[in-house]
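Let me begin by presenting the structure, written as structure tokens, before commenting on it.
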Amino acid sequence: MTLASVRAGAGPAPLPAAVAQIASFHGRLTYEARSVENPDLRVNGSLVVNQDGWSLDERSTSSEVFASNQASWIRSGAQTLVFDDPFDVDALANSWAVLLARGSQAQFVPDPGGSSWTSDDGIRIFMDADRSEVIGAADTKNAASFAYADWVEISGLRLPQSIVRLRDGVTVAAFTVDGYRVGWAPAEALAPRAQSAQQVEGPTPASPFQPVVSAPVWRRFSIVFALLVIALGIVAWTRRDALAERLARRLSSDPRAWRTVGETVFVSPEGILSYEGRSYRVGAVFHNRVARIQSSPLFIRVSAPGVPRAMVLARKFPRTAPLAPAARRSAGGFTLVEALTACALFASVIVAAVFPALVVLAHADHLAAQRQTALRIAANALADEQAALAYGYSIEENSTVSKVDGMTLRETVSPSPVGGLFDLTVDVTGPSGQTLARIVTQLGPPVPPPGAHAPTPAPSGSPR
């Protein structure tokens, strides 16, 4: 039985429609799949089949599977492995796509009983009772088998939406496949994606543990170039003074493109030169010297007699002149209304704030002078009373009032709560009646004058 006769349905054992469709598919198939156990795991796949070969590419967040009739590999993280049989890879989500690809290049013969068909490369397809639907497939070379359900028809091609992977009869993984898109290629217009082991991104079969291909050469070159520029910038910044000095030496003796501006003596003691409204630090050596300024589009050159070396500095942008309306207004001065308003505000401030403050200060000075005089009068009166009552045989309670320098002086002697002592109070009041000074002290028992006999003690209970 030839491949042509099988695909044409000729011969004693014609192919069922579902198997014939597998054997006749040429075109492109794309799909989206997700794991039943882990819904967050999503897979995007594409299959290309033509008369020259086939290729399958599945990509997910955890791995990438590439299978073809020439080379097959799986990449997970930084590790890439080569495999021979796609059905033996548990990371493969859509085994039906591999069945379509390998069935297009195989010959199918019926098995005894007529419920299954086996290809010449060991793929066995199981049919339902009426041979109208594929219910499963198995790889006779290993223990992998698959169950298919929930069929849909897209562009004349029947495709399963539910795929279950089994190994030795035990479920290993289950996927739901949707988002099918089918493109038939009857004229073999689609070129296969299959590449030789040297052309694919994966490793060659002779080196199964080859690392993932690194970034393109241009990206690495740009990174190296950026690091070089950063290093040069760091070196230039740390040596900026030496570079500026070397540039100044070179340009100071180069007369090309220099235009003499004029001479100036406006160099501060700190070495600051003002030119075009900008400040330049030329050094204190140019202070009090007639400095000559030359300019070019990018630099200015400052030299002076007696200075052995000229200073070359980067030219700064000149400051713009003020606007014409503002200049005319400043030249014209203030109007009469503005002057009168300013005078009125000034007079209001003087009358409302300054004059009362001056009055308060003047009154404070007068009050301070009165208090000083009152303290002097009180101190003198206290000294007189202490001297008069220091010696004698008795101290009597009395009160005297007198006028001194326009102020009222009141001296009061009264018994103290402490036995044998008297309180002496000196008060000085001003013309308006306010107390300016007050001194209170105590006097002890009188002492006999020197050379006098001590007084006879008073009888007990008599006043002293």
Side-chain angles (χ1 to χ4, degrees), residues 215 217-354 357:
V217 177
W218 65 267
R219 185 176 300 176
R220 288 181 291 177
F221 176 77
S222 62
I223 293 175
V224 174
F225 180 75
L227 293 177
L228 179 61
V229 171
I230 294 175
L232 291 177
I234 294 174
V235 173
W237 177 256
T238 55
R239 304 297 298 169
R240 59 187 182 277
D241 295 336
L243 294 176
E245 183 179 359
R246 183 171 183 178
L247 180 63
R249 289 179 181 178
R250 181 175 179 180
L251 296 179
S252 61
S253 60
D254 188 1
R256 296 174 296 177
W258 290 117
R259 181 173 60 89
T260 300
V261 177
E263 296 180 349
T264 178
V265 294
F266 295 98
V267 179
S268 66
E270 294 80 12
I272 304 300
L273 169 69
S274 178
Y275 172 64
E276 293 182 336
R278 295 290 184 175
S279 298
Y280 296 87
R281 184 176 295 276
V282 297
V285 68
F286 289 95
H287 174 59
N288 205 17
R289 295 180 183 272
V290 179
R292 181 187 182 191
I293 301 178
Q294 295 174 299
S295 67
S296 67
L298 298 178
F299 300 94
I300 65 170
R301 182 177 184 269
V302 183
S303 60
V307 179
R309 186 175 301 165
M311 178 65 69
V312 178
L313 302 171
R315 188 173 182 178
K316 302 178 183 179
F317 290 104
R319 294 187 184 274
T320 57
L323 298 177
R328 289 195 300 269
R329 182 177 181 86
S330 299
F334 294 103
T335 62
L336 178 61
V337 175
E338 293 173 344
L340 293 176
T341 302
C343 291
L345 290 176
F346 181 74
S348 300
V349 172
I350 294 296
V351 173
V354 178

Considering non-hydrogen atoms only, spot the tightest contact between [X] and [Y] and give its length.
| X | Y | answer |
| --- | --- | --- |
| K316 | S279 | NZ-O, 2.6 Å |
| V267 | H287 | O-ND1, 3.0 Å |
| R301 | V312 | CG-CG2, 4.2 Å |

Residues that [X] engages under side-chain contact (heavy atoms from CB on, under 4.5 Å), provided they are two or more places apart:
| X | value |
| --- | --- |
| V307 | V285, F286, R289, A304 |
| I350 | F346, V354 |
| V337 | T335, T341 |

Report the distance from atom [atom1] of [X] to atom [atom2] of [Y], rounding to the nearest 0.5 Å.
| X | Y | atom1 | atom2 | value |
| --- | --- | --- | --- | --- |
| Y275 | I293 | OH | CD1 | 6.5 Å |
| E270 | R281 | CD | CZ | 8.0 Å |
| L228 | F221 | CG | CZ | 9.0 Å |

